[in-house]
2 protein chains.
Amino acid sequence: MAILGFLRDFSLHGYDLKNRVASLAGHVRPVADGTLYPTIKKLEEAQCLTRRTAPGSVAAPRHMLEITQTGTDQLRRWLRDPEQGFITDDNKWYVLLAFLHHLENPREQALVLARRREFLDQPTQLFFDEHGAPIPPELLDSPFRKGLMQIHRSTNLTEIEWLDRQIGDLNRRAGFAVRQRGAE
Amino acid sequence: MAILGFLRDFSLHGYDLKNRVASLAGHVRPVADGTLYPTIKKLEEAQCLTRRTAPGSVAAPRHMLEITQTGTDQLRRWLRDPEQGFITDDNKWYVLLAFLHHLENPREQALVLARRREFLDQPTQLFFDEHGAPIPPELLDSPFRKGLMQIHRSTNLTEIEWLDRQIGDLNRRAGFAVRQRGAE
DNA sequence: ACAAGATATATCGACTCCGAGGCAGAAAGC
DNA sequence: GCTTTCTGCCTCGGAGTCGATATATCTTGT
């Protein structure tokens with residue numbers, strides 16, 4: 001998804017792509033060559049991108065990669081209806097967020113944000129005692145577990161506030177667009 | 001690591017373990033049976049835990065798992081000197097934090113927190129233009145990328161504050177313990 | 001003249017992990 | 001009596017990922 005998302009911005013070659021993916025997700029979990037190049041090949045076989053050999057600006061020749069219509073469609077499908085892991089796993093969610101603007105309909109964008117919002121709304125119970133009874137944060141003996149839950153709550157609240165603002169904005173914009181079309 | 005960490009709290013059987021791991025990490029990325037049971041077997045072979053068959057309280061018989069001294073040592077080694085991924089990947093970091101209290105020396109605990117603190121201190125540059133020049137958040141056209149960076153900054157600050165407080169506490173405690181021993 | 005390092009692409013074997021499925025006993029609903 | 005559901009353990013195949021390795025070009029420093 002990150003590959004197609006970046007290519008949607010502008011066409012790139014593998015090496016550049018590698019650096020961009022590394023700075024986005026790789027900050028957290030670097031992407032190996034052995035993962036990137038086979039994936040590019042697979043996307044090419046699936047006709048999601050095309051390849052043009054161009055002289056290297058600095059050294060060896062590059063393969064310029066460009067996204068196709070098929071690739072754009074595929075990217076939009078992934079963004080519109082992401083697997084649950086992209087909603088629940090912070091790392092994946094941030095990657096999704098980084099490319100959500102490629103989904104052009106504000107209503108669809110709002111729906112994706114709403115899924116994340118719904119997930120964050122679920123109360124999380126992380127720790128249990130011997131008998132499986134939940135332990136409230138204030139009774140935890142480990143300061144690290146206490147901090148873990150504090151940070152978790154605080155960061156969730158920050159994100160929820162942002163999500164609510166965004167969802168409101170997007171729906172207003174969608175409503176406005178509808179009224180515009182209705183007035184024609 | 002999560003398996004040994006939970007077993008260090010109290011001995012458990014596989015199914016219970018599965019639920020605890022699921023509520024900790026699995027909230028984000030569920031753990032499959034096909035991952036858990038082979039891992040238990042590997043840990044048993046490495047003599048990190050022992051297995052006793054006990055009648056099931058509700059249904060089928062259980063295998064009660066108990067951590068050994070070897071397992072405790074292994075857990076402490078992992079906690080004391082974690083791989084870089086446990087520092088940089090939020091999901092893994094939270095798992096580490098959940099069991100850091102099993103590392104009993106406050107000075108060692110503080111050192112691990114300091115590694116995380118140092119990682120969070122590095123400025124993160126996520127997005128670049130066609131020519132590879134960094135794009136500052138206020139110039140980003142995508143509201144989602146803007147929000148991504150806002151949330152990232154805000155949650156980092158929250159965690160850094162907590163880390164600084166904890167590191168201070170731990171070092172004070174370590175210093176106090178040393179003075180206590182020195183006074184004997 | 002030569003080595004080192006960045007640029008640039010690609011493959012292979014080893015490893016991990018997951019999903020699907022199987023096996024089995026007990027309780028609960030129809 | 002029958003199926004479903006929950007508990008509880010385990011295995012296998014396939015997918016995906018990584019680290020190591022190979023190759024080639026150009027620049028820069030010595």
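Since the model is a prediction, treat every value here as computed from it, not as a measurement. Throughout, protein chains are lettered first and strands after them, A, B, ... in sequence-line order, and every chain is numbered starting at 1.
- Side chain of Ala32(A), nearest nucleotide from dC9(D), dT9(C), dG19(D): dG19(D).
- With rounding to whole Å, His63(B) atom NE2 is found 15 Å from dA24(C) atom P.
- In this structure, Asp16(A) atom CG and dT7(C) atom C1' are separated by 11 Å, rounded to whole Å.
- Heavy-atom neighbours of Glu118(B) CD from other residues, nucleotides or ligands within 6.0 Å: at or below the threshold of 12.
- Looking at the side chain of Lys42(B), the nearest of the listed nucleotides dC9(D), dT16(C), dA10(C) is dT16(C).
- Protein atom CZ of Arg52(A) is 17 Å distant from nucleotide atom C1' of dT9(C), rounded to whole Å.
- Checked against dT17(D), dA10(C), dG8(D), the side chain of Arg62(B) finds its nearest nucleotide in dG8(D).
- For Lys41(A) and dG16(D), the NZ to P distance is 15 Å, given to the nearest whole Å.
- One interatomic measurement links the two molecules: CD1 of Ile40(A) to P of dA8(C), which rounds to 13 Å at whole-angstrom precision.
- Between Arg51(B) and dC10(D), a side-chain N or O to OP1/OP2 separation shorter than 4.0 Å is present.
- Summarising the geometry, the separation between CG on Leu43(B) and P on dT16(C) is reported as 12 Å, rounded to the nearest angstrom.
- Stacking of Arg145(B) on the aromatic ring of Phe127(B) is recorded, both the 6.0 Å distance cut-off and the 45° axial limit being met.
- Within a 6.0 Å radius of CD in Gln84(A), more than 12 heavy atoms belonging to other residues, nucleotides or ligands are found.
- Distance, Tyr37(B) OH to dA24(C) C1': 13 Å, rounded to whole Å.
- The NZ atom of Lys92(A) sits 11 Å away from the C1' atom of dG16(D) (whole-angstrom rounding).
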Take Leu120(B) and Glu159(B) through the test side-chain contact (heavy atoms from CB on, under 4.5 Å) and record every step on the way to the result.
CA-CA 9 Å; Leu120(B) 292 184; Glu159(B) 194 178 335; 3.7 Å; yes

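- Of the candidate nucleotides dC9(D), dA10(C), dT11(D), dA10(C) has the atom nearest to the side chain of Asp33(A).
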